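These notes concern the structure reproduced below.
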Amino acid sequence: MLADPSQKYRPFPPVNLPDRQWPGNVLNKVPQWCSSDLRDGNQALAEPMDNERKRLFFDLLIRCGFKQIEVAFPSASQTDFDFVRGLITEKVIPDDVHIQVLTPSRPDLIERTFESLKDIPRAIVHLYNATAPIFRDVVFHQDRAATRELAVRGAKQIRELCEQNPQTQWTFEYSPETFCFTELDFALEICEAVTEIWQPDAQRPMIINLPATVEVSTPNIYADQIEWFCRHFSRRNQVSISVHPHNDRGTGVACAELAMLAGADRVEGCLFGNGERTGNVDLVTLALNLYTQGVAPGLDFSNLQGIVEVVEQCNQLPVHPRHPYAGDLVFTAFSGSHQDAIKKGFAAQNNRGDTYWQVPYLPLDPADVGCSYEAVIRVNSQSGKSGAAWLLEQNHGLKLPRGLQIEFSKAVQRETDTTGKEMSTSDVWRLFRQRYGLVDQPQLKLLSYDIRSDEHNICHFSARITHEGYEHILSGTGNGLLSGAVDAFSRTFDVQFEIGDYHEHTLGHQSHSRAVAYVSCQRKGEKHYGVGIDSDVSSASLQALFNAAAQFLG
Ligand SMILES: CC(=O)SCCNC(=O)CCNC(=O)[C@H](O)C(C)(C)COP(=O)(O)OP(=O)(O)OC[C@H]1O[C@@H](n2cnc3c(N)ncnc32)[C@H](O)[C@@H]1OP(=O)(O)O
Ligand SMILES: CC(C)C(=O)C(=O)O
């Protein structure tokens, strides 16, 4: 890299719009969405989609609720041409859906485009030509007048062809390609000239699409350009203003959002941001960003993982694990303090009793896009006490007391530090069962017990247990079940200890469900936990006690 890049790269000049309005506006309106997956997305693929993949994608877009779909550049290839023909002849375009096709301003290519659209009930014909100085100079060798003339010629030809096919309800779209680095006055001039040809009204809808063909400035400048254009365009109320951001600076979504604030009515983009170079603006992110502000986006992403699978299959490109909303890892916390906040957040959410979603670190309820809560927390060496506790609660219904959470997290930490790997839910469950005695043959297994009170209210406890393969009868006294059991254990094994914590709860809501008990035992600075699960809460408590106390026996 250069020590002084200013000798090679120039900053983009700001727009002179001191009374700009967009910063004070609020995003509360849904734009018209147009998917360009089958055109701009498709032209960016190493292997463009064949008819079958295109149809799969088209059906997906319909299911998601898109009403405008740019399906092809019909004059580019036989595949694209045939795809459009297939949609029309097989009558698979729903009545409320407009398909859109792109054409350059070349007479032969416009002719071919119209051939592809024969007999279609309604369609958007999208004409483009690049307008920026570098394109005029280097690519087209044209001055402003010739560039305008190229657009006007194309618009005239399209108007004539539309008039020759009055059975179709036509919408005309014009894009001054490279708008974002075209002089604003020239972009305005060329759009006015093209609009003059088309003469839009309610019966002859028109879209002016102002693309950020290559993203070259900060999103506020794009917003200024859009607001400037909307304020200066003479027929603002007769056209839809559309934006088509790319993502070269990584701010395609921000560009689209600020452009909507600045007056755009419509957005063209692709699912998960596929498209030329760094991609087109991601329509899924845009729609779900609106959704998380309480605005129904008019697109249905309830089964987002299913959508990802189809898009990956069609594009033959992966969706990144950290892709907003859709990536495999975007609802997952590995780190301890995040897990702690999320676990507390879910508990508070369940108790709050209102409908509003407020869970730390999760801007969207994963369930709204069809994801389970399973992956919300995953455990590795960066995790804290809440991580493993969450997994045990979610998967096994255990609500560990705080002391046990802390104790168990140290065991988890030792294991993850040793392996350097993530612990799966089943790894965590295995470690927990081994450590706290939830195994078929714990060191000390309760077989049966008996408890009676005498006339002095003293409890006489006895139990049959196995220890190291031998059966023993334990007996002792106390003022309750557990103190009797502690006494019996101490007499049999000659170990003195006290009970620290005791907690129990049922596992599940039905009366026949099992109970879980958590007991800690301590002596001389040594403390151990045991856990017991049984349909009888007293048996669960006794087994938990024996599982804890057995650890004093080594
Ligand atoms: C930003 C965008 O996404 S724009 C859409 C881009 N998409 C595509 O290009 C995909 C489909 N394109 C194609 O298959 C081919 O480019 C075709 C079939 C359209 C044309 O192919 P070719 O005839 O071989 O032309 P080629 O693409 O090499 O060159 C473009 C020519 O058209 C001219 N041209 C480029 N854009 C336009 C336009 N919008 N209107 C009129 N002419 C144009 C160029 O100046 C160049 O002219 P020149 O050969 O006289 O210098
Ligand atoms: C044709 C236009 C809209 C385009 O794809 C772009 O500018 O990126």
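All ligand and atom numbering here is 1-based and tracks the order in the structure. Small disclaimer: the values here were computed from a predicted structure and weren't measured. Residue numbers start at 1 and run along the sequence shown.
For the side-chain contact (heavy atoms from CB on, under 4.5 Å) with N274, the qualifying choice from N42, V319, L45 is L45, the only one to do so. The residue from I120, L117, I93 that alone fulfils the side-chain contact (heavy atoms from CB on, under 4.5 Å) condition with V84 is L117.
Atoms of ligand 1 lying under 4.0 Å from at least one heavy atom of R39, given by number and element, are 2 (C), 3 (O), 5 (C). Using a 4.0 Å cut-off to heavy atoms of N129, the atoms of ligand 1 that qualify are 39 (N).
Nearest to atom 31 (C) of ligand 1 by heavy atom, out of Q142, R106, E177, is R106.
Residues N129 and I190 meet the side-chain proximity criterion, which asks for heavy atoms closer than 4.5 Å. W198 places none of its side-chain heavy atoms less than 4.5 Å from the side chain of V239. The shortest side-chain heavy-atom distance between P94 and I62 falls under the 4.5 Å cut-off.
For atom 43 (C) of ligand 1, the nearest protein heavy atom lies closer than 4.0 Å. Note that atom 25 (O) of ligand 1 has protein non-hydrogen atoms nearby, at separations under 4.0 angstrom. Protein heavy atoms all stay at least 4.0 Å away from atom 17 (C) of ligand 1. The nearest protein heavy atom to atom 47 (O) of ligand 1 is not closer than 4.0 Å. Distance screen at 4.0 Å: atom 28 (O) of ligand 1 has no protein heavy-atom neighbour inside the cut-off.
Taking CZ of R106 as the start and CD of E111 as the end, the distance is 13.0 Å to the nearest 0.5 Å.
With a heavy-atom cut-off of 4.0 Å, Y128 touches ligand 1 through backbone and side chain alike. Of all the heavy atoms of N209, the ones lying under 4.0 Å from any atom of ligand 2 belong exclusively to the side chain. Of the heavy atoms in D40, only side-chain atoms (C-beta onward) come closer than 4.0 Å to ligand 2. Contacts of R112 with ligand 1, taken as heavy-atom pairs under 4.0 Å, are absent altogether.
The protein atom (non-hydrogen) at minimum distance from atom 40 (N) of ligand 1 is S105 N, 2.9 Å. The protein heavy-atom contact nearest to atom 8 (O) of ligand 2 is H246 NE2, 3.0 Å. Protein heavy atom nearest atom 9 (O) of ligand 1, with residue, atom name and distance: F73 CE1, 4.2 Å. Nearest protein heavy-atom contact of atom 4 (C) of ligand 2 is H244 NE2, 3.4 Å. Nearest non-hydrogen protein atom to atom 36 (N) of ligand 1 is F140 CZ, 3.6 Å. The nearest protein atom to atom 2 (C) of ligand 2, hydrogens excluded, is given as R39 NH2, 4.1 Å; this is a heavy-atom distance. In this structure, the protein non-hydrogen atom closest to atom 51 (O) of ligand 1 is V139 O, 4.5 Å. With hydrogens left out, the protein atom closest to atom 11 (C) of ligand 1 is A76 CB, 3.5 Å, a heavy atom. In terms of protein heavy-atom proximity, atom 7 (O) of ligand 2 is closest to T213 OG1, 2.6 Å. Remark: minimum distance from atom 38 (C) of ligand 1 to any protein heavy atom is reached at P104 CB, 3.4 Å.
Between the side chains of D340 and S386, at least one donor-acceptor pair of N or O atoms lies under 3.5 Å. A side-chain N or O of R266 and one of Q68 form a donor-acceptor pair less than 3.5 Å apart.
Between Y373 and W357, the ring planes lie parallel to each other; the angle is under 30°, not in the 30° to 60° tilted range. Between F272 and H323, the ring-plane angle classifies as perpendicular under the 30° and 60° cut-offs. Using a 30° and 60° split on the angle between ring planes, W228 and H232 fall in the parallel class, below 30°. Using bins of under 30°, 30° to 60° and over 60° for the plane-to-plane angle, the ring pair F229/F179 lands in the perpendicular bin.
Summarising the geometry of A123 relative to T168, their closest heavy-atom pair is N-CG2, 4.2 Å, with the distance given to 0.1 Å.
Residue-ligand proximity: E276 is placed with every non-hydrogen atom at 4.0 Å or more from ligand 1. Between L102 and ligand 1 there is a heavy-atom distance shorter than 4.0 Å.
In this structure, R112 satisfies the cation-pi test against F81, with its NZ or CZ atom closer than 6.0 Å to the six-membered ring centre and inside 45 degrees of the ring normal.
Distances between N or O atoms of Q43 and those of ligand 1 include at least one value under 3.5 Å.
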